[in-house]
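Only heavy atoms go into these numbers, but all of them, side chains included; no hydrogens, no water, no symmetry mates. Since the structure is predicted, the reported quantities are computational estimates derived from the model, not experimental observations. In what follows, chains are A, B, ... by sequence order, proteins preceding strands, each numbered from 1.
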Amino acid sequence: MASPYSLSWADAPPYHYHGRPQPAPDSPASSDGAGPRSLWIGGLLPWMDEDYLYGCFTTSRELLSLVIKRNKQTGQSEGFGFLKFSDHTAAAHILKSYNGQKMPNAVQDFKLNWATQQPAPKKLPDPDFKLDLATQQERHAAVDSSSDHSIFVGDLAYNVTGYMLHHVFKARYPSVKSAKIIFDKFTGLSKCYGFVQFGDVDEQIQALTEMNGAYCSTRPMRIGPVPKKKSAYATV
DNA sequence: GTTGAGCGTT
């Protein structure tokens with residue numbers, strides 16, 4: 001008999017193991033390694049401390065430091081932190097290979113992005129600071145554009161990850177850009193719903209009807225339109 | 001039954 005948990009279609013992520021020793025990062029021609037070197041990591045659960053994160057990235061010798069932001073009064077993790085690497089290339093590699101992959105001993109995926117650089121204390125901004133502004137603008141643009149062509153996916157099983165959801169939709173709709181599961185910040189458990197973002201509006205509309213009732217893992221999904229995100233700030 | 005998450009200290 002087949003295992004009820006056969007999730008072969010949501011197989012292990014491709015980039016998870018870095019078995020080969022990597023060349024020393026001491027290449028003097030580091031001009032091509034220029035650029036941002038800090039990553040932001042979010043979606044952390046309260047129990048995920050520095051040791052846990054170091055354990056996640058032991059294969060990266062370019063990881064210089066790691067910090068989790070904590071509430072100064074309570075000492076509780078604020079759910080995000082920063083990873084600093086010795087060069088841009090290493091950081092970019094970690095971002096690409098880890099982002100969206102499943103976190104060890106947790107149900108959720110790594111949520112990584114470029115960090116906004118140090119909040120420039122009381123100095124005049126360097127010319128390099130433009131880079132940071134550009135990065136920020138890119139990020140905001142990405143957020144803004146993420147509101148279009150999304151669908152709501154409910155009735156998900158608890159074990160469905162963003163990776164699985166993405167896979168199920170991407171198989172039918174090539175324009176799928178992203179899929180995300182909403183997790184409870186404190187328990188880390190799935191809230192059993194998520195969002196899938198399409199690049200093509202026609203595929204979005206098709207999916208609204210075609211994927212309603214389709215199975216992901218053990219349950220039929222319920223598809224719905226996404227209401228406008230609460231726009232706290234009017235476009236005035 | 002269900003409608004979202006985001007950037008630090010020296």
Side-chain angles (χ1 to χ4, degrees), chain A residues 36-46 48-50 53 63-85 91 95 99-100 103 106-123 129 131-158 160-162 165-166 177-198 204 207-208 211-213 216-217 219-233:
Chain A
R37 294 179 297 171
S38 290
L39 294 181
W40 175 89
I41 181 168
L44 302 177
L45 299 183
M48 292 174 173
D49 57 8
E50 283 82 353
L53 283 185
L63 179 61
L64 297 181
S65 67
L66 178 160
V67 61
I68 293 177
K69 293 318 295 177
R70 299 176 182 281
N71 184 301
K72 277 174 190 161
Q73 290 148 11
T74 69
Q76 244 195 352
S77 164
E78 302 210 18
F80 68 90
F82 296 90
L83 314 169
K84 185 184 275 184
F85 293 85
L95 174 60
N99 193 31
M103 299 182 81
V107 284
Q108 62 219 101
D109 301 335
F110 279 106
K111 206 188 282 184
L112 292 164
N113 207 336
W114 290 111
T116 61
Q117 298 290 69
Q118 313 215 341
K122 291 167 188 173
K123 288 181 178 178
F129 193 64
L131 252 177
D132 312 332
L133 291 178
T135 306
Q136 287 184 36
Q137 284 165 3
E138 272 176 30
R139 199 179 64 238
H140 286 308
V143 167
D144 290 343
S145 67
S146 75
S147 56
D148 45 1
H149 310 334
S150 289
I151 62 172
F152 169 85
V153 183
D155 268 357
L156 295 173
Y158 279 102
V160 173
T161 65
L165 191 63
H166 184 273
K177 283 190 197 165
S178 68
K180 73 180 72 172
I181 303 293
I182 305 305
F183 289 96
D184 185 279
K185 297 176 202 64
F186 300 104
T187 67
L189 287 175
S190 166
K191 286 187 173 179
C192 297
Y193 68 85
F195 298 89
V196 178
Q197 184 189 351
F198 296 81
Q204 176 204 14
L208 273 172
M211 295 300 279
N212 195 33
C216 184
S217 185
R219 291 180 165 210
M221 298 178 282
R222 172 180 299 185
I223 313 292
V226 175
K228 11 181 155 169
K229 260 169 132 175
K230 28 179 160 180
S231 50
Y233 311 104

- [ ] Let me know the distance between CZ of A/Phe195 and P of B/dG6, rounded to the nearest Å.
- [x] 14 Å
TODO: State, without any angle test, whether A/Gln197 and A/Ser150 hold a side-chain donor-acceptor pair at a distance under 3.5 Å.
DONE: no
Open item on the list: Can you measure A/Leu165 atom CG to B/dG4 atom P for me and round it to whole angstrom units?
Closed with: 16 Å
Open item on the list: Closer than 4.0 angstrom, basic N to acidic O: yes or no for A/Arg70 and A/Glu50?
Closed with: yes
Open item on the list: In this structure, how many angstroms lie between the C1' atom of B/dC7 and the NZ atom of A/Lys111, rounded?
Closed with: 13 Å
Task: Partners passing ring pair (Phe, Tyr, Trp, His ring centres under 6.0 Å) against A/Phe195 (at least two apart in sequence or in another chain) - done: A/Phe152
Open item on the list: Counting only side-chain nitrogens and oxygens, does A/Lys185 get under 4.0 Å of the OP1 or OP2 atom of B/dA5?
Closed with: yes
Task: Neighbours of DNA chain B within residues 73-82 of chain A, by heavy-atom distance under 4.0 Å - done: A/Phe80, A/Phe82
TODO: Report yes if a side-chain nitrogen or oxygen of A/Lys69 is closer than 4.0 Å to either non-bridging phosphate oxygen (OP1 or OP2) of B/dT9; otherwise report no.
DONE: yes
Open item on the list: Tell me whether A/Asn99 contacts the main-chain N or O of A/Leu112 through its side chain, where contact means a donor paired with an acceptor under 3.5 Å.
Closed with: yes
Open item on the list: Between C1' on B/dT3 and CD1 on A/Ile151, what's the gap in Å once rounded to a whole number?
Closed with: 12 Å
- [ ] Using whole Å, report how far OH of A/Tyr193 lies from C1' of B/dG1.
- [x] 12 Å
TODO: Supply the atom-to-atom distance A/Leu156 CG to A/Ile182 CD1, rounded to the nearest 0.5 angstrom.
DONE: 10.5 Å
Open item on the list: Just the rounded figure in Å: distance from P of B/dT9 to NZ of A/Lys84.
Closed with: 13 Å
Task: Contact nearer the 5' end of DNA chain B, comparing A/Arg70 with A/Ile182 - done: A/Ile182
Task: Any A/Leu39 side-chain heavy atom under 4.5 Å of A/Trp114 side chain - done: yes
TODO: Grab the CG-P distance between A/Asp184 and B/dA5 for me, whole Å please.
DONE: 9 Å
Task: Proximity to the side chain of A/Ser38 - top-ranked nucleotide from B/dG8, B/dT3, B/dA5 - done: B/dG8
Open item on the list: Of the options B/dT3, B/dG8, B/dG6, whose atoms approach the side-chain atoms of A/Ala115 most closely?
Closed with: B/dG8
Task: Side-chain heavy-atom pair A/Ile68, A/Glu78 within 4.5 angstrom cut-off - done: no
Task: Side-chain donor/acceptor contact of A/Lys180 with base of B/dA5 under 3.5 Å - done: yes
TODO: Let me know the distance between CG of A/Leu95 and P of B/dG6, rounded to the nearest Å.
DONE: 19 Å
